[in-house]
Asker: 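Dropping a structure here in structure tokens format, bear with me for questions.
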2 protein chains.
Amino acid sequence: MEALSQYLKEQLQLPEVEAHALLRYWQKPKSLKRNDFLTRQGQVENHLYYIRQGTLGIFYDIEENEQVVGFGYADTLICSFPSFIRNHPSDYYIQALGATELIGISRSDFYRLLDEYPRIEHLWRQMLEEALLGRIEREIDLLTISPRERIQRLLNRSPHIFQLIPNKYIASYLRMTPETLSRNMRQP
Amino acid sequence: MEALSQYLKEQLQLPEVEAHALLRYWQKPKSLKRNDFLTRQGQVENHLYYIRQGTLGIFYDIEENEQVVGFGYADTLICSFPSFIRNHPSDYYIQALGATELIGISRSDFYRLLDEYPRIEHLWRQMLEEALLGRIEREIDLLTISPRERIQRLLNRSPHIFQLIPNKYIASYLRMTPETLSRNMRQP
DNA sequence: TGTAATTCTTGATCGAGATCAAGGATTGAC
DNA sequence: GTCAATCCTTGATCTCGATCAAGAATTACA
């Protein structure tokens with residue numbers, strides 16, 4: 001709980017009162033082993049999670065293939081966003097890539113807090129803006145034609161991913177095969 | 001102004017008082033001819049625009065190629081989002097694809113209104129959530145391997161685009177050449 | 001309306017990345 | 001710590017979409 005509290009107050013500049021209100025509800029701890037599902041396809045995502053430790057992958061089955069669309073790692077938030085927002089069954093599934101520990105807040109609690117505390121909504125708005133900017137970056141990554149350039153962009157933007165995540169997932173995330181990633185990682 | 005007012009009140013459910021406050025500031029009309037720039041690369045995006053009529057393209061130069069990353073059409077909002085949010089020079093440029101008429105609100109006015117009216121911030125938060133969901137859809141579109149499937153997804157999600165926008169732009173948007181788009185539009 | 005510019009289509013060729021395959025290196029589970 | 005499973009690498013081949021080209025259709029604008 002410490003890390004989240006610090007994250008809210010220092011990183012996100014949320015005042016004490018609001019941080020306290022948020023933290024009261026943010027306490028549904030969950031432990032996952034490698035390959036355990038946090039969220040399954042078809043299931044409604046009722047929680048927003050904060051990752052205490054470990055790494056997770058967000059997957060989407062596309063034309064019968066498992067496609068990686070994102071990762072989660074310590075001290076960030078994760079959920080099947082469309083499902084959480086829309087309260088609909090999730091097209092995505094989220095799986096632990098190693099031993100993982102999370103805490104969650106329910107959608108109803110979360111949205112109640114947004115309505116109750118304008119500063120929390122303000123914070124959430126800012127986080128959404130950031131998330132949107134991230135997605136826009138990601139879109140350019142995906143549109144970049146050469147595999148080598150795509151790798152380079154990810155290396156620049158998120159070098160830590162290469163430490164945390166097995167290459168085969170990164171390859172899928174970068175819209176290429178593990179072979180292509182391997183061949184292009186050697187000599188830059 | 002009519003259309004925007006109606007859009008705010010009916011589509012977005014914004015109460016009279018807030019709609020009125022927003023509209024007071026939202027009045028910087030602009031007319032563009034085909035190929036005119038709304039926003040140039042390197043220029044800071046200081047306005048958020050509402051498109052009264054016409055169509056626009058959002059472009060990004062990627063590996064020396066002009067890449068289409070989005071479109072704008074009547075009764076929607078448009079701007080170089082990262083530049084508008086971050087107050088930094090824009091990597092994107094926005095160009096009219098035909099005669100276009102817009103009205104804009106300045107960033108400073110807009111953010112002042114967000115701070116002043118929680119309901120406007122609430123509305124903006126909801127719009128950001130929607131925009132984020134749209135981007136997530138778009139990501140899946142881009143990850144879809146077969147050109148034919150990518151076309152199909154866009155046809156399902158935004159059939160109107162095919163009426164409004166010349167195919168060569170759509171091809172770029174769908175990460176393929178005009179030739180490939182043409183060849184795959186004939187027999188489904 | 002007429003004409004020039006642009007866009008769309010169809011064909012032929014080419015090449016980058018996918019696929020298939022197999023040996024070697026890491027990793028994880030007990 | 002051991003052994004099995006998983007992951008990474010390297011090579012050979014193949015395939016789909018890009019590229020190049022040229023003619024037809026459409027659109028823009030005076």
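Heavy-atom basis, side chains included; hydrogens, waters and symmetry copies ignored. Throughout, protein chains are lettered first and strands after them, A, B, ... in sequence-line order, and every chain is numbered starting at 1.
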Asker: Out of D/dC7, D/dG11, D/dT19, which nucleotide sits closest to the side chain of B/Glu179?
Answerer: D/dT19
Asker: Could you tell me whether the phosphate oxygens of C/dG17, OP1 or OP2, come under 4.0 Å of any side-chain nitrogen or oxygen in A/Arg148?
Answerer: no
Asker: Go nucleotide by nucleotide along DNA chain D from the 5' end; which of B/Met176 and B/Leu97 gets its closest nucleotide reached first?
Answerer: B/Met176
Asker: Rounding to a whole Å, what distance do you find between A/Gln67:CD and C/dA18:P?
Answerer: 11 Å
Asker: Between D/dA18, C/dA29, C/dT7, which nucleotide gets closest to the side-chain atoms of B/Lys168?
Answerer: C/dT7
Asker: Among the nucleotides C/dG17, C/dT7, C/dA18, which one has an atom lying closest to any side-chain atom of A/Thr177?
Answerer: C/dA18
Asker: Between D/dG11 and A/Arg183, counting only base atoms on the nucleotide and side-chain atoms on the residue, is there a donor-acceptor pair under 3.5 Å?
Answerer: yes
Asker: Looking at side-chain heavy atoms only, is the closest gap between A/Lys30 and A/Ile103 below 4.5 Å?
Answerer: no
Asker: Against the six-membered ring of B/Tyr25, is B/Arg112 placed for a cation-pi contact (under 6.0 Å from the centre, within 45° of the normal)?
Answerer: yes
Asker: Please report, rounded to the nearest Å, how far the P atom of D/dT6 is from the CG atom of A/Asn35.
Answerer: 9 Å
Asker: Just checking, any donor-acceptor pair under 3.5 angstrom between side chains of B/Trp124 and B/Glu129?
Answerer: no
Asker: Examine D/dC8: is either OP1 or OP2 under 4.0 Å from a nitrogen or oxygen in the side chain of A/Ser182? Give yes or no.
Answerer: no
Asker: Taking atom P of C/dA16 as reference, at what distance in whole Å does atom CZ of A/Arg150 sit?
Answerer: 14 Å
Asker: Would B/Glu66 and B/Tyr93 count as having a side-chain donor-acceptor pair, cut-off 3.5 Å?
Answerer: yes
Asker: Could you check how far CZ of A/Arg175 sits from P of C/dG17, rounded to whole Å?
Answerer: 10 Å
Asker: Applying a strict under-4.5 Å side-chain criterion to I, L, V, M, F, W and Y, I'd like to know whether B/Phe162 and B/Tyr73 cluster together.
Answerer: yes
Asker: Calculate the interatomic distance between B/Tyr169 atom OH and C/dT7 atom C1'; express it in whole Å.
Answerer: 10 Å
Asker: Once you round it to whole Å, what is the distance between C1' of D/dC7 and CD1 of A/Ile165?
Answerer: 14 Å
Asker: Would you mind telling me which of D/dG17, C/dT7, C/dG28 lies closest to the side-chain atoms of B/Ser146?
Answerer: D/dG17
Asker: Looking only at the aromatic ring of each residue, does the gap between the centers of A/Phe59 and A/Tyr92 stay below 6.0 angstrom?
Answerer: no
Asker: Charged N to carboxylate O below 4.0 Å: is that the case for B/Asp141 and B/Arg153?
Answerer: yes
Asker: Can a side chain N or O of B/Arg186 be found less than 4.0 Å away from OP1 or OP2 on C/dT9?
Answerer: yes
Asker: Given atom NZ of B/Lys33 and atom P of D/dC29, what is their separation to the nearest angstrom?
Answerer: 10 Å
Asker: Dot-bracket for DNA chain C, please, read 5' to 3', with Watson-Crick or G-U wobble pairs under 3.5 Å on both distances, ( ) within the strand, [ ] crossing, | other strand, . unpaired.
Answerer: ||||||||||||||||||||||..||||||
Asker: So, does B/Thr180 get its side chain near the phosphate of D/dA18, meaning an N or O under 4.0 Å from OP1 or OP2?
Answerer: yes
